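This report refers to the structure that appears directly beneath it.
All values derive from a computational prediction rather than experimental measurement.
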Amino acid sequence: MADSDAGNTRRKYASAQREHILDSAATVFTERGFERATTKLIAAEAGLSEGALYHHFSGKRDLLIGVLQRVIGGAQGEGGGGGGAADMHERYRRAINNRVRLAHPQMTTFFALLSAVLADDKLAEQVRTDLLEPGIERAERSLQASIANGMMRSVDVPAAARLVYAIFMGIELLAQMGDEESRRLVEEGDRLGQTFATLVLDGLKA
């Protein structure tokens, strides 16, 4: 029992330290950009040695993936499925609100790293396949379930899922570029979720 408790304590400590390093990496990446950031600066921000950082991450690229995993992965979730049209409206509204609430505080970091991702074909492929495509596939499954349940009319599911994703990313991009109305939309999440549900879903109702 003592060995088990000690093991759990070590795992919790390691997980907490990893998250602390990712917090520090996000701060440095946001302030300096990916190219000017160094593991030395990130370790200093975290109050750790570079050796401690390398115990958890293999290098700056690995840190970038870890940071983006939190930004993108944390904002992804199931969109709907099951129930009547009114329930579908409420479920999608809540899903959009939840994604905005989780992702918006970190989107400055995402856009700070985007140029580095797009400049590296292998990195862009990794981000797309490991981080973006799972969320798009979940959106596709949700739409397919809504169509199968008679909640939505038939629609081009792959195209619709990507449009939903693009709406969310586009609003965030406008907010990051200083558009005040977009900023208010993402900061007052319920407005965005309600408008999305009304504009998009009402047009898809069976």
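A pairwise comparison of heavy atoms in A160 and L143 identifies CB-CD1, 3.8 Å as the closest pair. Closest approach of V157 to I147, counting heavy atoms only: CG2-CD1, 3.7 Å. Considering all non-hydrogen atoms of both residues, R61 and D120 come closest at NH1-OD2, 3.0 Å. Nearest approach of T129 to P134, heavy atoms of both residues: O-CD, 3.4 Å. In terms of heavy-atom proximity, I136 sits nearest to A161 at O-CB, 4.0 Å. The two residues T39 and L63 have their closest heavy-atom pair at CG2-CD1, 4.4 Å.
Taking CG of L41 as the reference point, atom CZ of R36 lies at 9.0 Å (rounded to 0.5 Å). To the nearest 0.5 Å, atoms OG (S154) and CD (Q144) are separated by 10.5 Å. Atoms CD1 and CD, on I72 and Q69 in that order, are 8.0 Å from each other to the nearest 0.5 Å. Note that the OG1 atom of T109 and the CG atom of L22 stand 11.0 Å from one another [nearest 0.5 Å]. Of the inter-residue distances, the one linking D130 atom CG with E125 atom CD reads 9.0 Å to the nearest 0.5 angstrom. Note that the CG atom of D179 and the CG atom of L174 stand 5.5 Å from one another [nearest 0.5 Å].
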Begin with the C-alpha distance, continue with both residues' side-chain angles, and end with the deciding distance and a verdict on side-chain contact (heavy atoms from CB on, under 4.5 Å) for V164 and F196.
-> CA-CA 9 Å; V164 169; F196 173 89; 3.9 Å; yes
With salt bridge (charged side-chain N to carboxylate O under 4.0 Å, His left out) as the test, would you mind laying out the steps for R191 and E181 before giving the verdict?
-> CA-CA 11 Å; R191 280 185 64 209; E181 187 60 30; 2.7 Å; yes
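Taking 4.0 Å as the cut-off between side-chain N and carboxylate O, E140 and R162 count as a salt-bridged pair. Salt bridge E187/R184: absent, no basic N to carboxylate O contact under 4.0 Å. The pair E172-R183 does not count as a salt bridge, with every side-chain nitrogen at least 4.0 angstrom from each carboxylate oxygen.
In this structure, the side chains of T38 and K60 stay at 4.5 Å or more apart for every pair of heavy atoms. Residues L48 and Q17 meet the side-chain proximity criterion, which asks for heavy atoms closer than 4.5 Å. Side-chain contact between V117 and L64 is present, with at least one heavy-atom pair separated by less than 4.5 Å. Contact of the L123 side chain with the I65 side chain is registered, since non-hydrogen atoms from C-beta on lie closer than 4.5 Å.
With sequence neighbours excluded, the residues satisfying side-chain contact (heavy atoms from CB on, under 4.5 Å) with D156 are P158, A159. Under the side-chain contact (heavy atoms from CB on, under 4.5 Å) criterion, T108 pairs with T30, Q176, not counting sequence neighbours. Applying the side-chain contact (heavy atoms from CB on, under 4.5 Å) test to L118 and every residue at least two apart in sequence or in another chain returns L114. Partners of F29 by ring-ring contact (aromatic ring centres under 6.0 Å, His included), not counting sequence neighbours, listed by chain and number: F34. Partners of D23 under the side chain to side chain donor-acceptor pair (under 3.5 Å) rule, at least two apart in sequence or in another chain, are R70.
Within the 3.5 Å criterion, the main-chain N or O of G178 finds no donor-acceptor partner in the side chain of S182.
A ring-ring contact (aromatic ring centres under 6.0 Å, His included) check over residues 44-70, counting only residues at least two apart or in different chains, returns nothing.
Placement of Y13 and I21 in two distinct hydrophobic clusters is found when ILVMFWY residues are connected by side-chain heavy-atom separations under 4.5 Å, directly or transitively. Cluster membership check: L199 does not share its hydrophobic cluster with L163, using side-chain heavy-atom separations under 4.5 Å among Ile, Leu, Val, Met, Phe, Trp and Tyr.
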